[in-house]
**Q** 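Mind looking over this structure? Questions follow.
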Amino acid sequence: MNKLKLVCLAFCLCLPQAWAMGEKAYFSGKTMGTTYLVQADLTNVELTAKQLQKRVETELAEVNQSLSVFIEDSEITQVNRFTSKVPIMLSKQLHDVLEIAQQVSLQTDGALDITLGPVIEFWGFGVKPRDLQQKDRGQLEVARSKTGMDGFVLSANTLEKLIPSLMINPSAVAKGYGVDRVAQLLDQAGVNHYLIEIGGEIVTKGHPELDRPWRVAITRPERLSLQYQQIISVNNMALATSGSYVNYIESQGRTLSHIIDPSTGMPIRNSVVSTTVLHRQCAVADAFATAFMVLNSNRSIEIANQLGLAVMLIEQNEQGFKTHFSDAIYPYLLNHSDRLNGV
């Protein structure tokens, strides 16, 4: 098994059904509208690979049942249907995700907004079938009037809607949170060396072999590209990558990204095409990666440096791709000379 892992929104190296070689276990499957992969060292672990996979899939099913807007009876779907201002009891999963989203939104000038459900539906990236034929600016503004991170109040275990028609879409945090929950499960099972990936969001612990670090290859931000843009060493850290080059639609000669700018309600149109964030929590990395897609590269790097975040942004202009690094990411880069080259 190649220990160099390819990660981006379009492509990640996955394996088939559960199997084990010696003490090494590899298994993968489907979840959250994408795929997951677990690579683990089961030395001194009582569980077999198949038993561990069953527990992982049970955990992911619970997270999905709480956070997926695509499941008819999920917790978030029921919250979105609730139109009263009476406080709603929340599961730990949903509360954790909303709390992370609130914090990251505050730290990024509101660039992360998980209440954009009506706007996401307007642009055809939500649950309903896509139809942009009869849409106009007035309809978009009606959708925007039902959004806003100040449209709900989060307490210790409840949510109160201040905007009754508020629709929350936690997808910007959900995959990262799912990775975190699987990592907790593996920790509890006594697994000391592992890599977990869901749709390009990753968390690692220990080493793949001896003292060698986990290495993640970020591909060039081009659809189906397998060329490496940067290789990052990731040990006992989480990594999330977001991009505008995979999930998009073409409409009237324009390319519309699935990432929405909360300040305008429009798909983002800046020059940032890919963001990668490292953090101890994958859900937090996931949230920041989305927010930094909305902001311009200078503001994102400024925020990253203020918060001590390890961040890589890839910007596309007429000359090609330009990579921006925050100060904290250099220890993780395979080639430290990138700091001197200023690329």
Side-chain angles (χ1 to χ4, degrees), residues 1-8 11-32 34-64 92-93 96 174-219 228 230-241 276-286 310 329 331-334:
M1 170 67 184
N2 189 354
K3 301 300 189 301
L4 188 62
K5 186 105 171 43
L6 299 180
V7 179
C8 69
F11 178 84
C12 59
L13 196 62
C14 292
L15 292 165
Q17 301 300 311
W19 61 278
M21 179 180 292
E23 301 295 337
K24 305 290 184 180
Y26 310 95
F27 54 85
S28 63
K30 295 181 179 180
T31 187
M32 299 184 184
T34 183
T35 59
Y36 79 86
L37 168 71
V38 174
Q39 177 177 334
D41 183 349
L42 299 188
T43 303
N44 299 323
V45 176
E46 295 182 0
L47 297 175
T48 65
K50 287 186 177 180
Q51 289 172 330
L52 187 61
Q53 181 175 22
K54 184 176 181 179
R55 293 193 183 186
V56 165
E57 294 192 341
T58 297
E59 186 71 26
L60 290 174
E62 290 180 2
V63 172
N64 214 22
K92 185 180 187 308
Q93 292 100 313
D96 286 349
K175 286 187 297 183
Y177 184 74
V179 171
D180 288 333
R181 289 295 296 262
V182 173
Q184 292 173 19
L185 188 153
L186 266 60
D187 289 341
Q188 293 168 0
V191 182
N192 294 319
H193 304 276
Y194 59 71
L195 180 146
I196 305 160
E197 179 262 338
I198 298 179
E201 323 300 14
I202 287 175
V203 69
T204 67
K205 181 180 180 181
H207 307 276
E209 56 185 21
L210 298 176
D211 292 329
R212 181 181 177 182
W214 294 101
R215 293 176 178 176
V216 177
I218 308 299
T219 60
Y228 302 162
Q230 181 67 53
I231 298 177
I232 299 177
S233 176
V234 187
N235 261 36
N236 303 315
M237 288 288 284
L239 176 150
T241 298
T276 297
V277 180
L278 279 72
H279 195 275
R280 292 292 178 184
Q281 288 181 268
C282 198
V284 175
D286 201 359
I329 201 170
Y332 301 99
L333 301 181
L334 192 65

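Note: hydrogens, waters and symmetry copies are ignored here, and every other heavy atom, side chains too, is used.
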**Q** Hey, what do you get for CD1 (Ile196) to SG (Cys282), rounding to the nearest 0.5 Å?
**A**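 Result: 9.0 Å between the selected atoms.
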
**Q** Is any side-chain heavy atom of Trp214 closer than 4.5 Å to one of Met237?
**A**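 Sidechains of Trp214 and Met237: no contact.
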
**Q** For Lys30, give me all partners under side chain to side chain donor-acceptor pair (under 3.5 Å), at least two apart in sequence or on another chain.
**A**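 Expected list: none.
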
**Q** Could you check whether any side-chain heavy atom of Thr58 comes within less than 4.5 Å of a side-chain heavy atom of Leu185, counting everything from C-beta outward?
**A**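 A side-chain contact under 4.5 Å is absent here.
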
**Q** According to side-chain contact (heavy atoms from CB on, under 4.5 Å), who are the partners of Ala283, at least two apart in sequence or on a separate chain?
**A**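 Counting only residues at least two positions away or on another chain, Ala283 forms a side-chain contact (heavy atoms from CB on, under 4.5 Å) with Ile100, Val173, Tyr177, Asp180.
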
**Q** CD of Glu23 to CG of Asn44: how many Å apart, nearest 0.5 Å?
**A** 7.5 Å

**Q** Working note: Val179 + Ile202, criterion side chain to side chain contact (heavy atoms under 4.5 Å, CB included); need CA distance, chi angles, decisive distance, verdict.
**A** CA-CA 7 Å; Val179 171; Ile202 287 175; 6.0 Å; no

**Q** Which residues pass the side chain to side chain donor-acceptor pair (under 3.5 Å) test with Glu59, not counting sequence neighbours?
**A**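 Scan of Glu59 (side chain to side chain donor-acceptor pair (under 3.5 Å), adjacent residues dropped) gives Arg181.
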
**Q** For Ala40 and Val191, work out which heavy atoms get closest and say how close.
**A**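 Residues Ala40 and Val191, closest heavy atoms: CB-CG1, 3.9 Å.
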
**Q** Do Lys54 and Phe27 make a side-chain contact, defined as non-hydrogen atoms from C-beta onward lying under 4.5 Å apart?
**A** no

**Q** Partners of Ala310 by side-chain contact (heavy atoms from CB on, under 4.5 Å), sequence neighbours excluded?
**A** Leu278, Ala328, Ile329, Tyr332

**Q** Considering residues at least two apart in sequence or located in another chain, which fulfil the side chain to side chain donor-acceptor pair (under 3.5 Å) criterion with Thr43?
**A** Asp41

**Q** Report the C-alpha separation of Ile218 and Leu239 in whole Å, then their side-chain angles, then the decisive distance to 0.1 Å, and conclude whether the side chain to side chain contact (heavy atoms under 4.5 Å, CB included) test is met.
**A** CA-CA 11 Å; Ile218 308 299; Leu239 176 150; 4.3 Å; yes

**Q** Between Glu197 (side chain only) and Gly199 (backbone N and O only), is there a donor and an acceptor less than 3.5 Å apart?
**A** yes

**Q** With a 4.5 Å heavy-atom cut-off, do Leu333 and Ile232 have their side chains touching?
**A**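 Side chain of Leu333 against side chain of Ile232, heavy atoms only: contact under 4.5 Å found.
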
**Q** Any side-chain heavy atom of Arg280 sitting closer than 4.5 Å to one from Asn236?
**A** yes

**Q** What is the minimum heavy-atom distance between Gln281 and Ala238, and which atoms define it?
**A** C-CB, 3.9 Å

**Q** Please step through side chain to side chain contact (heavy atoms under 4.5 Å, CB included) for the pair Lys175 and Tyr36, ending with a clear verdict.
**A** CA-CA 10 Å; Lys175 286 187 297 183; Tyr36 79 86; over 6 Å; no

**Q** Calculate, to the nearest 0.5 Å, the distance between atoms CD and OG1 belonging to Glu201 and Thr241 respectively.
**A** 6.5 Å

**Q** Determine, stepwise, if the pair Leu42 / Leu47 fulfils side chain to side chain contact (heavy atoms under 4.5 Å, CB included).
**A** CA-CA 8 Å; Leu42 299 188; Leu47 297 175; 5.9 Å; no

**Q** Mind checking whether Asp187 and Lys205 have side chains closer than 4.5 Å, heavy atoms only?
**A** yes

**Q** The criterion is side chain to side chain donor-acceptor pair (under 3.5 Å); which residues satisfy it with Asn235, sequence neighbours excluded?
**A**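 Only His207 meet the side chain to side chain donor-acceptor pair (under 3.5 Å) criterion with Asn235.
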
